[in-house]
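Atoms considered below: every heavy atom in the structure, side chains included; atoms not considered: hydrogens, waters and symmetry mates. The first residue in the sequence is number 1, and the count goes up from there.
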Amino acid sequence: EVVFSVADQGDPLSSQQQQKVFEKFYRATSKPGAAPAGSGLGLAICRITVENHGGQLWVESGPEGGNAFRFRLKRVSGPAAPPL
């Protein structure tokens, strides 16, 4: 398996937000009453893509702040892809 990770230094997601953050059109906010940004589709598209490749996607939030978005894919052997 190969695990990829992208981390931020923002406010940590609550456990309730972590459960919803990969749903279509869900937009998390760090402050009550604040207008959320974005369309709420980016992480939903990531989840669908990773799952369609047999992988798993999740988020971990640190107590002092920041979130790590991680996904795991199976490693496959075969010819190397040509460089882009």
Side-chain angles (χ1 to χ4, degrees):
E1 296 180 330
V2 178
V3 177
F4 297 86
S5 181
V6 177
D8 66 31
Q9 299 298 316
D11 293 332
L13 295 171
S14 69
S15 59
Q16 183 180 20
Q17 288 172 318
Q18 288 180 25
Q19 293 175 9
K20 294 181 178 182
V21 74
F22 298 108
E23 294 177 7
K24 286 190 273 187
F25 305 113
Y26 179 77
R27 301 181 302 167
T29 60
S30 58
K31 297 176 186 169
S39 65
L41 290 174
L43 290 173
I45 292 169
C46 291
R47 178 185 55 85
I48 291 167
T49 302
V50 168
E51 288 178 355
N52 283 341
H53 284 86
Q56 178 187 15
L57 176 68
W58 69 97
V59 61
E60 298 171 359
S61 297
E64 289 89 36
N67 302 285
F69 295 86
R70 298 190 164 113
F71 68 96
R72 173 183 296 131
L73 295 173
K74 292 179 184 178
R75 183 185 299 253
V76 294
S77 61
L84 297 174

Salt bridge (Lys or Arg N to Asp or Glu O under 4.0 Å): pairs with one or both residues in residues 59-72, sequence neighbours excluded: Glu1-Arg72, Glu60-Arg70

Does Tyr26 form a side chain to side chain contact (heavy atoms under 4.5 Å, CB included) with Gln17? I'd like the steps, not just the answer. CA-CA 9 Å; Tyr26 179 77; Gln17 288 172 318; 3.2 Å; yes

Which pair of heavy atoms, one from [X] and one from [Y], lies closest together, and at what distance?
X: Gly65; Y: Pro12; result: CA-CD, 3.5 Å
X: Gln56; Y: Val50; result: N-CG1, 3.5 Å
X: Arg27; Y: Gly38; result: NH1-O, 2.8 Å
X: Leu43; Y: Phe69; result: CD1-CE2, 3.7 Å

Using the test side-chain hydrogen bond (donor to acceptor under 3.5 Å, both in side chains), find all partners of Glu51 that sit at least two apart in sequence or belong to another chain. Arg47

Look at the side-chain heavy atoms of Ile, Leu, Val, Met, Phe, Trp and Tyr, link any pair under 4.5 Å apart, and say whether Leu57 and Val2 land in one connected group. yes

Okay, side chain of Asp8, backbone of Asn67: is any donor-acceptor separation there less than 3.5 Å? yes

Got a sec, which pairs hit ring-ring contact (aromatic ring centres under 6.0 Å, His included) with one end in residues 2-25, sequence neighbours left out? Phe4-Phe71

